[in-house]
Amino acid sequence: MTEEKKEKKPQKRMTATKAAASIGPMVKEFIAGTNRARKEGTHKLAYTFIVCHHEEILRAMDVLPVWTENFAGVCGAKRDAERFLQRAESLGLSRSLCTYALCGIGYDQWREELGETPPDAPWGGQARPDFMIETGQILCDPRSKWYQASQQFMPDIPIYNMDLPYPLFQRDRDHREVLGYYHRYIVKELRGLIAFLEQQTGKKMNYDRLSELVALSDRIWNLVHETYELRRAKPSPMGTGDAMNTMVPMNFMMATQECYNFFSDLKKELEEKIAGGEGEVDEEKYRLMWGGGLPAWYALNDFNYFNSKGASFPVETTYRMVMPLDEMDLPRTNDPVEHLAWRWLGYWTFWYDKARRRPGSEPDVERLINWVEDYDIDGIVVHQAFSCRTWHVGLIWQLNQLAKIYKPIPVLMIGTAGQKEKTNREVPSLILESDIIDITSYSEIDTRNKIDAFIETLESVRANRAA
């Protein structure tokens, strides 16, 4: 089989913060760390996914996570995913499936065929796991099937498949009526994971240590929220381009002191930038929200192109996987497993009550509305990744609902003579289309043309408002 050559490396994205610039070496080290552990036999390794609320359990059992989505993203960012995607296609898998999964399956097949790391694998390659942990979260089929596909090439590697559901939004029913059932179910799933890990590692869970790690994660949750809220400042000190880097500790290093220290340093850096009046862009003209969708990892410098037009991204819905714990009304418990389950449910139902109070709203739409107001947003950008239907389906519907509920926005203005005037505020949107790691779906020229036209729209709206 002929392997495609690597794509030309993209121009490196310029970051607005020192914290974001430090992420590359950090990711490289934890990939290298899993390879060292594989070679030296110091830890058990687990293939696993982010946003599954089990990282504290893994770390309490001294199991190192091997983040398969992250490695696929690294391949995409380095423009070195195509050869692994082609491998998966040669196995009969369609390119229209999740390209994260295709990249991982193609890589696993190649590694197992060779009996060693594929040649020139990004950052040393992905280590072979001791076991695999998957969960679909009732929203992502590849998270339930990916590892089963890879198991064809690693039949000796066991899988634990757990379910982490949450009550879906119903306008005419309070989710609290069924929350107890969901909580009991998730607790059972997490205890099943612990039993599986005990069997695989030959160790018993240390619940005191687990409690300490869960408490550390709670502190990190609140710290991340406080840090990201600083981005409401004008000009905004950090944008979504940097957040696509700083999400790494939040999603891959939870329950570690290194993660807490990272966000402590980031918070201090943002406070200093705000005090000095320093923004993501030199002259902030437009404040945009990344309203949904995973980014095109091979084209992150598109954020720099937005910046060159005076556009900043103070907030994004993607990868902001925390909400303030003190606003979740979580039941108190001394059992760390029960707390993990309550925290999971609190996060996924966070916007339900607010959505019910606004006619026609939905939780995802309500989040957009609240952040448009809180961050004084001028426009919304979303990315439709063709191979990730789970996280991207519904984005256009959300924008349409937002338009029905929230556009135009009535605003009370104070005129130059002190008189009160009513005007309307619009929030235009831009839909970008490509994929998360399949660069063949992307056109830089078309993308930049769309951005240029969107900036012209924002300027037109501003001019009309001023008139």
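Residue numbers count from 1 along this sequence. FYI, side chains are in, hydrogens and waters are out, and symmetry mates aren't considered; it's all heavy atoms of this structure. Predicted model, so just to flag it, every value in this text is computed and none were measured.
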Q: Do we see a donor-acceptor contact under 3.5 Å between the side chains of H54 and T48?
A: yes
Q: Are the side chains of Q200 and P158 in contact, using a 4.5 Å heavy-atom criterion?
A: yes
Q: For Q126, does its backbone N or O pair with a side-chain atom of R111 as donor and acceptor, under 3.5 Å?
A: yes
Q: Specify the closest pair of heavy atoms between F454 and G379, including all atoms of both residues, with the distance to one decimal.
A: CZ-CA, 4.2 Å
Q: Is it the case that the side chains of D242 and T17 hold a donor-acceptor pair, with the cut-off being a distance below 3.5 Å and no angle test?
A: yes
Q: Keeping E316 on the side-chain end and M289 on the backbone end, is there a donor-acceptor pair under 3.5 Å?
A: no
Q: Please determine whether a side-chain nitrogen of the Lys or Arg among K268 and E271 lies less than 4.0 Å from a carboxylate oxygen of the Asp or Glu.
A: no
Q: What are the two closest non-hydrogen atoms of M253 and M26, and how far apart are they?
A: SD-SD, 3.3 Å
Q: Is there a side-chain contact between L210 and V337 (heavy atoms, below 4.5 Å)?
A: yes
Q: Return yes if some donor-acceptor pair links the side-chain N/O of Q152 with the main-chain N/O of A149 below 3.5 Å, else return no.
A: yes
Q: If we check side-chain contact (heavy atoms from CB on, under 4.5 Å) with I133, which of these qualifies: L197, I159, N161?
A: L197
Q: For the aromatic rings, using the six-membered ring if either is Trp, is the centroid distance between W146 and F49 under 6.0 Å?
A: yes
Q: Decide yes or no on ring pair (Phe, Tyr, Trp, His ring centres under 6.0 Å) for F131 and Y160, but give the supporting numbers first.
A: CA-CA 8 Å; F131 40 85; Y160 180 79; 9.9 Å; no
Q: Ignoring hydrogens and angles, tell me if any N or O in the side chain of E134 forms a donor-acceptor pair with the backbone of M162 under 3.5 Å.
A: no
Q: For the atom pair CG (L288) and CD1 (I380), what is the distance rounded to the nearest 0.5 Å?
A: 9.5 Å
Q: Mind checking whether H43 and R36 have side chains closer than 4.5 Å, heavy atoms only?
A: no
Q: For the residue pair S312 / E280, report whether a side-chain donor-acceptor contact shorter than 3.5 Å exists.
A: yes
Q: Please examine the side chains of E433 and K450, heavy atoms only from C-beta on, and report whether any two atoms are closer than 4.5 Å.
A: yes
Q: So, does T68 use its side chain to make a donor-acceptor pair with the main chain of Y47 at under 3.5 Å?
A: no
Q: Can you check whether Y166 and Y347 have ring centres sitting under 6.0 Å from each other?
A: no
Q: Short question: side chain of T240, backbone of A243 - any donor-acceptor pair under 3.5 Å?
A: no
Q: Check the pair D353 / R176 against side chain to side chain contact (heavy atoms under 4.5 Å, CB included), numbers first and verdict last.
A: CA-CA 10 Å; D353 288 340; R176 295 173 187 81; 2.3 Å; yes
Q: Indicate yes or no: at least one non-hydrogen side-chain atom of L102 is less than 4.5 angstrom from one of F84.
A: no
Q: Measuring only between side-chain heavy atoms, which start at C-beta, is M328 closer than 4.5 Å to W221?
A: yes
Q: Testing the 3.5 Å rule here: is there a donor-acceptor pair between the side chains of Y305 and T447?
A: no
Q: Going by heavy atoms in the side chains, are F153 and L91 under 4.5 Å from each other?
A: yes
Q: State whether the side chain of S211 and the backbone N or O of P336 hold a donor-acceptor pair below 3.5 Å, judged by distance alone.
A: no
Q: Does atom CG of D329 have more than 12 heavy-atom neighbours from other groups under 6.0 Å away?
A: no
Q: Would you say W290 and F303 make side-chain contact, with heavy atoms under 4.5 Å?
A: yes
Q: Can a donor-acceptor pair be found, under 3.5 Å and without considering hydrogens, that links the side chain of R367 to the backbone of E362?
A: no
Q: Return the orientation label for the F30 and F252 ring planes: parallel under 30°, perpendicular over 60°, tilted otherwise.
A: tilted
Q: Test salt bridge (charged side-chain N to carboxylate O under 4.0 Å, His left out) on E198 and K203; report intermediate values, then the result.
A: CA-CA 5 Å; E198 289 178 334; K203 300 179 181 178; over 6 Å; no
Q: Just checking F313 against F306, ring centres under 6.0 Å apart?
A: yes
Q: Say whether, by atom type as modelled, one donor and one acceptor occur between the side chain of H53 and the main chain of W344 under 3.5 angstrom.
A: yes
Q: Could you tell me if R231 sits above the aromatic ring of Y228, with its cationic atom closer than 6.0 Å to the ring centre and no more than 45 degrees from the axis?
A: yes
Q: Can you list every pair that meets side chain to side chain donor-acceptor pair (under 3.5 Å) and has a residue in residues 94-104, with sequence neighbours left out?
A: E82-R95, E89-R95, S94-S96, R95-D438, T99-S387, T99-D435, Y100-W297
Q: Please check if the number of heavy atoms outside I445 that lie under 6.0 Å from its CD1 is greater than 12.
A: no
Q: Is the backbone N or O of R209 less than 3.5 Å from a side-chain atom of N206, with the two atoms forming a donor-acceptor pair by type?
A: yes
Q: Check R448 with D302, please: is the shortest side-chain N to carboxylate O separation under 4.0 Å?
A: yes
Q: Can you check whether Y107 and F71 have ring centres sitting under 6.0 Å from each other?
A: yes
Q: Do the rings of Y185 and Y181 sit parallel, tilted or perpendicular, given the 30° and 60° boundaries?
A: tilted
Q: Just checking, is any N or O donor in the side chain of N261 or Q257 under 3.5 Å from an acceptor N or O on the other one?
A: yes
Q: Output yes when R128 and E112 qualify as a salt bridge under the 4.0 Å nitrogen-oxygen rule, no when they do not.
A: yes
